[in-house]
Amino acid sequence: MKTIMLCAICSVSSGNCSEDCGYCTQSAGTNAGIEKYKMKTAEQVVAEAKIAAANHALGFCLVTSGARLTDKKTEEIARLARAVNKEVPSLMLIACNGMATLPQLKELKSAGVFSYNHNLETSREFFPQICSTHSWDERWQTNIDAKEAGLMLCTGGIYGLGESEADRASLQASLKELDPFSSPINFFIPNDALRVKRPPMTADEALKIIDNTVRALPNARVMIAGGREKILGERQYEIFDHGVSAVVIGDYLTTKGEVASRDIAEFKARGFSFATLCH
C-alpha cells in the first residue's frame with residue numbers, strides 16, 4: 001500500500017504584517033478583507049491539533065504572521081508546542097514563524113518542534129521583484145540556522161508570480177543545496193488586492209513544476225500546499241502520478257482548502273495509507 005504524509009496548518013496569528021510581499025494577503029497595505037488576530041490561546045491550538053490528528057495528519061504547523069521571530073514570540077510558540085505535544089503526542093510539530101536567530105530556533109527545538117518551515121519562495125534573482133522589505137539571503141540564512149539548531153527543514157516556494165523558467169530552476173537548485181526533509185509547492189492564486197497581477201497558471205504547467213521539483217529533490221518529501229484546489233481543480237489528485245508524497249489538508253492561512261473528509265475519502269479510494277512516523 002502506498003503511503004502519503006498529511007499536514008495541517010494552524011494559523012496562530014493572522015494579518016498585520018509589516019512586510020510588502022506582493023503575493024501575500026497579510027502584507028502591509030494590502031486590503032484583502034482577511035481575518036486579523038493576534039495569538040490564539042493554547043486551548044484553541046490544542047483543539048485544532050486534535051482535529052488534525054483525527055484527520056490522519058502527521059504534521060501540524062504552527063504559523064504566525066510577520067517577518068521574523070522575536071524572543072517573546074519564540075517563548076509563546078514554545079509554550080504552544082509543549083501544550084500540543086502533551087495533549088496530542090502523535091503529531092509532528094512544524095514551526096513557521098519567519099526569519100529567526102539560531103538561539104530562537106534552538107529554543108523551539110528544545111520545546112519539541114520537529115521541523116522548521118521557512119520557504120525561499122522564489123529564486124534569489126527574482127525575489128527583489130516581489131519583496132523589498134527583507135532579502136532572499138535572510139531567508140536562506142534562517143534555513144541554514146534551522147539545520148544547525150537540529151531542526152528538520154521544510155522549505156519550498158510559490159510559483160506563478162511572473163518568474164521565468166530560469167528562476168524556477170534556480171529556486172529548485174537552491175532547495176537541492178539545502179537538502180530539506182520536506183518541500184512545499186504553492187501555486188499563486190490571483191487576488192485583486194495583491195500587488196502581483198498574474199493570471200492563474202494552467203494545470204499542465206503546475207504538474208510540470210511538480211515533475212521538475214521531484215527530479216531536483218530526490219531525498220525530499222515534495223508536498224503540495226496552497227493553490228492545489230484552485231489551480232488543479234478536477235485534476236488535483238493527479239499529483240500522486242507525478243511523485244508527490246505529502247499534502248496539506250484542510251484550510252490554508254487565509255484561503256479555504258478542500259474539505260478534509262473529501263480528501264481523505266479520495267486518498268483511501270486511491271489505495272493510500274497515511275504516514276504515522278516522521279521517517
- Query: Does the distance from a Lys or Arg side-chain N to an Asp or Glu carboxylate O, for R124 and D167, drop under 4.0 Å?
  - Reply: no
- Message: Measuring only between side-chain heavy atoms, which start at C-beta, is W140 closer than 4.5 Å to E177?
- Response: yes
- Message: Assigning hydrophobic clusters by single linkage (Ile, Leu, Val, Met, Phe, Trp, Tyr; side-chain heavy-atom cutoff under 4.5 Å), is I51 placed with M5?
- Response: no
- Item | S182 side chain vs C154 backbone, donor-acceptor pair below 3.5 Å | no
- C7 vs I94 side-chain heavy atoms within contact, under 4.5 Å: yes
- Query: Is the F114 ring parallel, tilted or perpendicular to the F181 ring (thresholds 30°, 60°)?
  - Reply: perpendicular
- Salt bridge flag under 4.0 Å for residues K72 and E75: no
- CD of E138 to OG1 of T133: how many Å apart, nearest 0.5 Å? 9.0 Å
- Item | Under 3.5 Å: donor-acceptor pair, side chain of S174, backbone of S123 | no
- Task: Applying side chain to side chain donor-acceptor pair (under 3.5 Å) between E266 and each of R262, R270, K268, report the one that passes.
- Result: R270
- Calculate, to the nearest 0.5 Å, the distance between atoms CZ and OH belonging to F188 and Y159 respectively. 15.5 Å
- Item | R228 and D263: CA distance, side-chain angles, deciding distance, side chain to side chain contact (heavy atoms under 4.5 Å, CB included) verdict | CA-CA 12 Å; R228 167 168 63 102; D263 265 342; 2.6 Å; yes
- Task: For residues I249 and A57, report the shortest heavy-atom separation together with the two atoms involved.
- Result: CD1-CB, 4.5 Å
- Can you tell me how far CG of N117 sits from CE of M223, rounded to the nearest 0.5 angstrom? 8.0 Å
- Do K176 side-chain atoms and P218 backbone N/O form a donor-acceptor pair below 3.5 Å? no
- Message: So I158 and N119, do their side chains get closer than 4.5 Å, heavy atoms only?
- Response: no
- State, to 0.1 Å, how close N186 and A225 come at their nearest heavy-atom pair, and which atoms those are. OD1-CB, 3.3 Å
- Minimal heavy-atom distance between E205 and M201, with the atoms involved, is OE1-CB, 3.2 Å
- Message: Contact between F126 and W136 at the side-chain level, heavy atoms closer than 4.5 Å - yes or no?
- Response: no
- Task: Check for a donor-acceptor pair, side chain of S13 on one end and backbone N or O of S65 on the other, with a separation under 3.5 Å.
- Result: yes
- Message: Taking the side chain as everything from C-beta on, heavy atoms only, tell me whether Q236 gets closer than 4.5 Å to I231.
- Response: no
- Item | Donor on one side chain, acceptor on other, R68 and H134, under 3.5 Å | no
- Query: When hydrophobic residues are tied together by side-chain contacts of less than 4.5 Å, even through go-betweens, does L217 share a cluster with I144?
  - Reply: yes
- Side chain to side chain, I185 and V244, heavy atoms closer than 4.5 Å: no
- Message: Any donor-acceptor pair under 3.5 Å linking the side-chain atoms of S170 with those of E125?
- Response: yes
- Exercise: do Q141 and D145 side chains pair donor with acceptor under 3.5 Å: yes
- In short, A203 meets R235 closest at the heavy-atom pair CB-NH1, 3.7 Å
- Query: Distance from R198 atom CZ to E163 atom CD, nearest 0.5 Å?
  - Reply: 8.0 Å
- Query: Closest approach of T142 and M99, non-hydrogen atoms and distance?
  - Reply: OG1-CA, 3.3 Å
- Message: Is the shortest side-chain heavy-atom distance between N212 and R168 below 4.5 Å?
- Response: no
- Message: So, taking the atom named OG1 in T3 and the one named CZ in F274, what distance separates them when rounded to the nearest 0.5 Å?
- Response: 9.5 Å
- Message: Ignoring hydrogens, what is the shortest heavy-atom contact between A83 and A42? Give both atom names and the distance.
- Response: CB-CB, 4.3 Å
- Using a 4.5 Å side-chain heavy-atom cut-off and chaining through intermediate ILVMFWY residues, the residues clustered with I77 come out as V12, M39, V45, V46, F60, L62, L69, L80, V84, V88, L91, L93, L105, L108, V113, Y116, L151
- Query: Between N143 and H118, is any side-chain donor less than 3.5 angstrom from a side-chain acceptor?
  - Reply: no
- Message: Rounded at 0.5 Å granularity, tell me how far OG in S183 sits from CG in L153.
- Response: 9.0 Å
- Query: How about T213 and D211: do any of their side-chain heavy atoms sit closer than 4.5 Å?
  - Reply: no
- Aromatic ring centroids of F272 and H56 under 6.0 Å? no
- Is the number of heavy atoms from other residues, nucleotides or ligands within 6.0 Å of NZ (K147) greater than 12? yes
- Task: Sequence neighbours left out, what pairs pass side-chain hydrogen bond (donor to acceptor under 3.5 Å, both in side chains) with at least one residue falling in residues 89-114?
- Result: T64-N97, D71-Q104, T101-Q104
